[in-house]
Amino acid sequence: MNSKLAIQKCPLFTGLTDEDLAALLKIASRSEIPKGTILFTEGENARGFYVPVKGKVKIYKVTPEGRERVLRIAEPGRTFAEAAIFDLGTYPANAATLERSVLLFFPKHEVLQLLKNNVQLAINMIGGISRLLREFMDQMEDIAFRDVPARLARYLLDLAEGEQQRVELPLSKSQLAVNLGTVSETLSRTFRKMVDDDLIRVQSRSIDILDVERLADLAERYKE
């Protein structure tokens, strides 16, 4: 994927003209980052935001006990750290590459200058940040009101985006357990139960969805 296509796919930049996209590319810097590189840490001064062109980046927090909680995975076509340039000026979480990645970096000062001169870009960015907030609210609702099987079912269906029959887990199962608000042992039992119920087939990180309708029913189940 080239740089222009990567930003065209971002909901943040929907509806922009070729001229607007060219202006964005002009202020962006492109770099190849090794796997496991920490891009920024929670509380660090926000220098700007990123768009992956290739690879995956995890956005995560670390609890006082040292446990890692992954908030989301940024892939090509998804911005991350965009909200940080508007608030108190610090990053609210950590970010690290999950694999060798190519990233576009948009520096804060230049972005804010563009927003002053481009109303459509400003509106799109506000909408994109609102969508991100809704995603976080959905995560909180899942943990509060749904059991682990329902959370896992929703997660797999979101990965499949309603079309794919095979999905690849972007996280290790231990990371996924933390992300779903559970522990590895409970997640493993849940995977086994789904396999026994002929809902899915598991081959390492590859998951075949065998019964979309029953998986969707499970995803909508609330805690008793």
Side-chain angles (χ1 to χ4, degrees), residues 6-7 9-13 28-112 115 124-144 146 148 151-152 154-155 158-159 168-184 187:
I7 62 175
K9 289 184 64 178
C10 295
L12 211 58
F13 305 128
S29 60
R30 176 177 169 135
S31 55
E32 186 170 333
I33 311 294
K35 177 182 177 179
T37 299
I38 296 176
L39 301 172
F40 54 79
T41 57
E42 183 176 357
E44 182 181 330
N45 286 334
R47 305 177 306 278
F49 69 92
Y50 298 80
V51 173
V53 177
K54 179 182 178 182
K56 298 175 184 176
V57 176
K58 64 178 178 180
I59 315 302
Y60 66 99
K61 282 182 171 283
V62 178
T63 69
E65 296 77 24
R67 294 186 65 193
E68 184 179 291
R69 173 164 177 76
V70 177
L71 302 176
R72 68 185 181 105
I73 302 297
E75 300 181 86
R78 290 294 303 267
T79 54
F80 65 94
E82 62 274 50
I85 67 173
F86 296 108
D87 60 12
L88 297 177
T90 60
Y91 291 118
N94 311 286
T97 51
L98 286 172
E99 57 192 42
R100 180 170 292 276
S101 301
V102 176
L103 304 178
L104 293 175
F105 175 72
F106 295 84
K108 177 177 180 177
H109 176 75
E110 286 81 352
V111 169
L112 293 178
L115 294 182
N124 286 352
M125 187 163 284
I126 291 170
I129 293 170
S130 297
R131 283 188 289 274
L132 182 58
L133 289 174
R134 284 200 298 272
E135 288 180 11
F136 286 145
M137 290 298 294
D138 288 343
Q139 284 185 357
M140 293 173 63
E141 179 183 333
D142 278 352
I143 292 174
R146 288 186 168 88
V148 174
R151 285 179 237 161
L152 179 57
R154 283 169 64 88
Y155 181 83
D158 285 344
L159 280 182
E168 297 289 331
L169 294 180
L171 303 168
S172 69
K173 289 178 181 176
S174 60
Q175 290 173 327
L176 178 57
V178 175
N179 196 33
L180 294 178
T182 186
V183 295
S184 297
L187 183 64

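Worth knowing before you read on, the calculation uses all heavy atoms, side chains too, and leaves out hydrogens, waters and symmetry mates.
In this structure, the side chains of Tyr60 and Val62 come closer than 4.5 Å at one or more pairs of heavy atoms. Inter-residue side-chain proximity for Thr90 and Asn45 is flagged as met; some heavy-atom pair is nearer than 4.5 Å. Within the 4.5 Å cutoff, no side-chain heavy atoms of Leu104 are placed close to those of Tyr50. In this structure, the side chains of Ser174 and Ser184 come closer than 4.5 Å at one or more pairs of heavy atoms.
In this structure, Leu112 places its CG atom where more than 12 heavy-atom neighbours from other residues, nucleotides or ligands lie under 6.0 Å away. Dense packing is recorded around NZ of Lys56, with more than 12 heavy atoms of other residues, nucleotides or ligands lying under 6.0 Å away.
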Pairs under 3.5 angstrom only: tabulate donor-acceptor contacts from the side chains of residues 68-77 to other protein residues two or more places apart or in another chain.
{"residue": "Glu68", "atom": "OE1", "partner": "Lys58", "partner atom": "NZ", "Å": "3.3"}
{"residue": "Glu68", "atom": "OE2", "partner": "Lys58", "partner atom": "NZ", "Å": "2.8"}
{"residue": "Arg69", "atom": "NH1", "partner": "Val178", "partner atom": "O", "Å": "2.4"}
{"residue": "Arg69", "atom": "NH1", "partner": "Asn179", "partner atom": "O", "Å": "2.8"}
{"residue": "Arg69", "atom": "NH2", "partner": "Asn179", "partner atom": "O", "Å": "3.1"}
{"residue": "Arg72", "atom": "NH1", "partner": "Thr79", "partner atom": "O", "Å": "3.3"}
{"residue": "Arg72", "atom": "NH2", "partner": "Thr79", "partner atom": "O", "Å": "2.8"}

What pairs of donor and acceptor atoms, side-chain ones from residues 28-36 against any protein atom, are under 3.5 angstrom apart with sequence neighbours left out?
{"residue": "Arg30", "atom": "NH1", "partner": "Ser3", "partner atom": "OG", "Å": "2.8"}
{"residue": "Glu32", "atom": "OE2", "partner": "Arg100", "partner atom": "NH1", "Å": "3.3"}

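No donor-acceptor pair closer than 3.5 Å links the side chain of Arg78 to the backbone N or O of Pro52. Looking at Thr63, its side chain does come within 3.5 Å of a backbone N or O of Arg67 through a donor-acceptor pair.
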*Given Val53 and Ile7, is the side chain to side chain contact (heavy atoms under 4.5 Å, CB included) satisfied, shown in steps?*
CA-CA 8 Å; Val53 177; Ile7 62 175; over 6 Å; no
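Here the shortest heavy-atom pairing between Asn94 and Thr41 reads OD1-CA, 3.2 Å. Of all non-hydrogen atoms in Val51 and Phe106, the two that sit nearest each other are CG2-CE1, 3.7 Å. The minimum heavy-atom distance linking Phe80 with Phe49 is given by the pair O-CB, 3.3 Å. Scanning all heavy atoms of the two residues, the minimum distance from Ala177 to Leu187 falls at N-CD2, 3.7 Å. Tyr91 approaches Gly48 most closely through the heavy-atom pair OH-O, 2.8 Å.
Applying the side chain to side chain contact (heavy atoms under 4.5 Å, CB included) criterion to Leu169, with sequence neighbours excluded, gives Tyr155, Leu156, Leu159, Lys173, Leu176, Phe191, Arg205, Ile207.
Atom CG of residue Leu39 and atom CG of residue Leu103 lie 6.0 Å apart, to the nearest 0.5 angstrom.
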